[in-house]
*Asks:* 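I have a structure here, written as structure tokens, and I will follow up with some questions on it.
For reference, positions follow the sequence shown, starting with 1.
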Amino acid sequence: MTDDAQKTADPSPSEPRPPTAVPRPDPRGATGRTRRSVLRGGVLAAAVAGLELLGQSSVIPSRNAALAATGGDGAVQAPPLPDIQFDIADFIAPVTDVDGVQVQFGPVHTLFVTARLLRPPTRIDQVKLTGALAAIERAYPFNPAGVFTFLAYGLPYFGRLPGGLQGPLVSAHMPRLRSAAHRYVLEEAVPGPTDVSPANRGIVKRRFHVPVSIEGNDLLLTLRSDHAAHLQDVLRWLGGSQTLAGRPQPSPPLSDLLSFTSARAMFTQIGLPRKLADDASLPYAFMVNPRSPMWMGFADQQTAATAAADGVTFRGSGLTTAKPGSYFDHGAVQHLSHVLMDLQQFYDVDDAGVPGDDASFTERVQYMFRSTPPPSPGNADQITDGGGPAFLPNTFQGTDDALLSAQGRGTPDGEHRIGHLSCLQRSSRTADGRPLHVRMDGPGYSSMDVPDGSAQPKLEFTVFVPSADFFATMRTHQASLDLAAAHGVPEEENGLERFLTATRRQNFLTPPRRHRAFPLVEFC
């Protein structure tokens with residue numbers, strides 16, 4: 001472990017520090033073959049290359065979180081690893097205040113790697129995967145300076161188990177909805193109401209009119225770290241480098257078991273979207289807030305916007321039949337989608353970067369948040385550097401907030417307008433305002449699914465929720481086409497929907513840590 005890997009965290013988000021030097025493993029594996037040749041130019045090789053740009057553009061934060069506890073003998077001990085795989089709040093930066101808003105930043109880099117099984121996994125495969133995950137965590141500790149590793153499984157995986165989805169094995173262990181006991185918590189994703197799909201005739205996207213694909217992957221591997229080089233090293237090892245963290249380590253035999261289908265890099269760091277926009281000379285670059293961690297210029301890391309991990313699990317949410325001690329008690333549904341962002345339309349600039357009538361901060365902040373009232377009037381200069389603050393409170397104003405703004409009650413000039421946040425809050429929280437989801441989304445920048453093959457800003461979106469049904473309802477409310485139709489809200493005043501094109505969606509089940517390696521296979 002490097003010296004940096006032993007530091008603990010506080011992102012000091014407004015003053016990024018120079019990149020910390022970390023030793024890079026020898027580029028040749030134990031067998032003498034280069035890693036590039038081992039990866040054979042496939043999905044993992046592309047992911048390694050994609051992380052290179054982000055690693056060069058980002059900085060490694062200095063963190064001061066209390067990631068270790070003192071035992072009774074005075075020895076410093078790492079906290080126990082959570083059975084809820086995605087429960088990393090105690091392992092990352094503490095909550096901090098930015099411009100009066102409480103936020104918490106996760107690792108800078110996240111990689112989503114999807115795969116399909118070439119055959120049903122066996123008990124031997126389960127043992128080998130358990131060993132591979134343990135090897136990663138020995139080489140790279142479970143913290144931002146090391147690597148966080150999560151595994152989740154799609155419906156195709158469970159369909160491969162003896163008896164299939166409706167067989168006795170899956171049926172006996174898969175939690176169900178408490179409100180509808182005939183339905184599993186895991187159901188396949190469906191096109192959102194404003195996705196490009198035969199199910200949504202009439203939906204047209206101005207710049208990226210790309211149909212959504214409901215993917216059929218068996219497995220989703222999520223890797224997170226402040227160090228892009230660590231994620232690259234893990235990918236190379238999975239691809240057969242035989243070396244991990246600079247030491248010989250036999251790579252897991254995956255060639256006859258898995259086919260990797262995609263890799264999507266996400267980054268979250270203050271100022272990084274603006275830096276990439278400047279470097280690429282994007283026409284709206286001068287309008288991206290230089291302090292924002294997100295492409296649209298507003299932070300999305302408010303602590304008030306996410307639940308505690310236990311509150312969204314099958315057991316903890318109270319919305320499913322899972323009981324303490326049941327096989328998937330600490331599990332949750334993970335939705336993954338890949339979203340193209342029409343930022344030129346969002347910022348309302350032409351190809352030469354000339355702003356239009358809807359380019360002002362006061363317009364954009366209402367699209368993102370709400371109009372009852374807008375959370376900030378912005379700066380005197382409404383255009384340059386975003387025209388207003390990046391960090392604004394994620395305030396819950398009741399489940400009828402979107403309805404009131406759709407009716408024009410309390411909005412500027414009585415306009416019928418709907419804000420993205422107010423729409424989500426129709427069903428994303430409990431009656432007393434507690435969120436029922438853990439979001440882990442962030443910016444991306446790649447050519448995946450872009451019609452002309454160019455690199456474009458993306459939203460790499462993932463969220464942990466108690467059930468697929470819960471997410472489907474929340475996504476329908478995000479669009480709020482019902483309110484728009486009932487109260488005459490023009491398309492150009494309806495949140496963020498016209499700026500976003502989801503090209504891929506899939507739901508996965510994230511099992512508890514104790515069952516993360518090919519769940520249920522031990523019963524086969």
Side-chain angles (χ1 to χ4, degrees), residues 82 84-98 100-106 110 150 152 177-179 185 192 222 266 268 293-294 296 298-320 322 330-337 368-370 372 375 391-403 405 418-442 459-480 495-496 507-508 510:
I84 302 171
Q85 288 195 68
F86 54 92
D87 186 9
I88 65 172
D90 291 340
F91 296 82
I92 58 176
V95 174
T96 188
D97 184 291
V98 180
V101 178
Q102 296 295 306
V103 296
Q104 186 176 37
F105 289 91
T110 300
F150 314 147
L177 302 182
R178 187 175 294 278
S179 61
V185 292
T222 301
M266 181 181 89
T268 306
M294 306 293 283
M296 286 184 166
F298 301 104
D300 193 29
Q301 287 74 35
Q302 300 96 330
T303 56
T306 193
D310 183 67
V312 306
T313 62
F314 300 138
R315 184 192 76 173
S317 67
L319 300 178
T320 84
H330 285 155
V333 167
Q334 180 178 0
H335 176 83
L336 178 70
S337 56
M368 178 64 72
F369 289 88
R370 57 171 51 87
T372 53
F391 290 84
L392 293 167
N394 187 311
T395 305
F396 180 62
Q397 294 184 182
T399 57
D400 63 348
D401 187 23
L403 171 63
S405 60
I418 307 178
H420 170 76
L421 181 65
S422 64
C423 290
L424 283 174
Q425 292 179 350
R426 292 176 67 184
S427 61
S428 66
R429 299 185 177 222
T430 61
D432 61 357
R434 290 180 293 110
L436 280 168
H437 54 86
V438 173
R439 294 183 62 170
M440 201 177 76
D441 55 308
L459 175 66
E460 301 297 352
F461 180 84
T462 200
V463 64
F464 298 93
V465 291
S467 72
D469 175 71
F470 179 90
F471 178 78
T473 300
M474 188 168 67
R475 182 62 188 83
T476 296
H477 285 160
Q478 178 184 319
S480 285
L496 304 179
N507 291 332
F508 298 86
T510 303

*Asks:* List for me each residue that meets side-chain hydrogen bond (donor to acceptor under 3.5 Å, both in side chains) alongside H335, sequence neighbours excluded, and say none if there are none.
*Replies:* R505, N507
*Asks:* At what distance, to the nearest 0.5 angstrom, does SG of C423 lie from CZ of R475?
*Replies:*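 Output value for this atom pair is 10.0 Å.
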*Asks:* Would you say that Q301 contacts P293 through its side chain, given a criterion of any heavy-atom pair below 4.5 Å between the two side chains?
*Replies:*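 Heavy-atom side-chain distance check passes, below 4.5 Å.
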*Asks:* Hey, does P466 have a side-chain heavy atom less than 4.5 Å from the side chain of F471?
*Replies:*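 With C-beta onward as the side chain, the pair stays apart.
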*Asks:* Tell me, do F461 and L336 make a side-chain contact under 4.5 Å, heavy atoms counted?
*Replies:* no
*Asks:* Under 6.0 Å between ring centres: does that hold for F150 and F86?
*Replies:*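 No, the ring centres sit 6.0 Å or more apart.
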*Asks:* Can you tell if the side chain of T96 reaches within under 4.5 Å of the side chain of V103, non-hydrogen atoms only?
*Replies:*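 Side-chain contact under 4.5 Å: yes.
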*Asks:* Closest heavy-atom contact between N394 and A305?
*Replies:* ND2-CB, 3.2 Å
*Asks:* Report the distance from atom CG of D401 to atom CG of L421, rounding to the nearest 0.5 Å.
*Replies:*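 These two atoms lie 8.0 Å from each other.
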*Asks:* Would you call V312 and V465 a side-chain contact if the rule is heavy atoms closer than 4.5 Å?
*Replies:* no
*Asks:* Test side chain to side chain contact (heavy atoms under 4.5 Å, CB included) on L496 and M368; report intermediate values, then the result.
*Replies:* CA-CA 7 Å; L496 304 179; M368 178 64 72; 3.8 Å; yes
*Asks:* To check you understand the geometry: which heavy-atom pair defines the closest contact between M440 and M266, and what is its length?
*Replies:*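 Of all heavy-atom pairs spanning M440 and M266, the closest is O-CE, 3.2 Å.
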*Asks:* With R439, which residues qualify under side-chain hydrogen bond (donor to acceptor under 3.5 Å, both in side chains), at least two apart?
*Replies:* D300, D441
*Asks:* Check whether the side chains of T303 and Q104 place a donor and an acceptor atom closer than 3.5 Å, and report yes or no.
*Replies:* no
*Asks:* Taking Q397 for the side chain and T372 for the main chain, is one N or O donor matched with an acceptor at less than 3.5 Å?
*Replies:*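 Here the side-chain-to-backbone pair exists.
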*Asks:* Measure centre to centre between the rings of F298 and F369, then say whether the value is under 6.0 Å.
*Replies:*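 So the answer is yes for these two rings.
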*Asks:* Decide yes or no on salt bridge (charged side-chain N to carboxylate O under 4.0 Å, His left out) for D310 and R315, but give the supporting numbers first.
*Replies:* CA-CA 8 Å; D310 183 67; R315 184 192 76 173; 3.6 Å; yes
*Asks:* Heavy-atom distance under 4.5 Å between the side chains of L459 and M294, does that happen here?
*Replies:*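 Side chain of L459 against side chain of M294, heavy atoms only: contact under 4.5 Å found.
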*Asks:* Tell me whether D97 contacts the main-chain N or O of G100 through its side chain, where contact means a donor paired with an acceptor under 3.5 Å.
*Replies:* yes
*Asks:* How would you list, by chain and number, every residue that makes a side-chain hydrogen bond (donor to acceptor under 3.5 Å, both in side chains) with S428, sequence neighbours excluded?
*Replies:*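 S428 satisfies side-chain hydrogen bond (donor to acceptor under 3.5 Å, both in side chains) with no other residue.
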*Asks:* Measure the shortest side-chain to side-chain distance between F464 and V333 over non-hydrogen atoms and say whether it is less than 4.5 angstrom.
*Replies:*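 Side chain of F464 against side chain of V333, heavy atoms only: no contact under 4.5 Å found.
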*Asks:* Do any N or O atoms from the side chain of R178 and from the backbone of T320 form a donor-acceptor pair under 3.5 angstrom?
*Replies:* yes
*Asks:* Any side-chain heavy atom of R370 sitting closer than 4.5 Å to one from I418?
*Replies:*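 No. Closest side-chain heavy atoms not under 4.5 Å.
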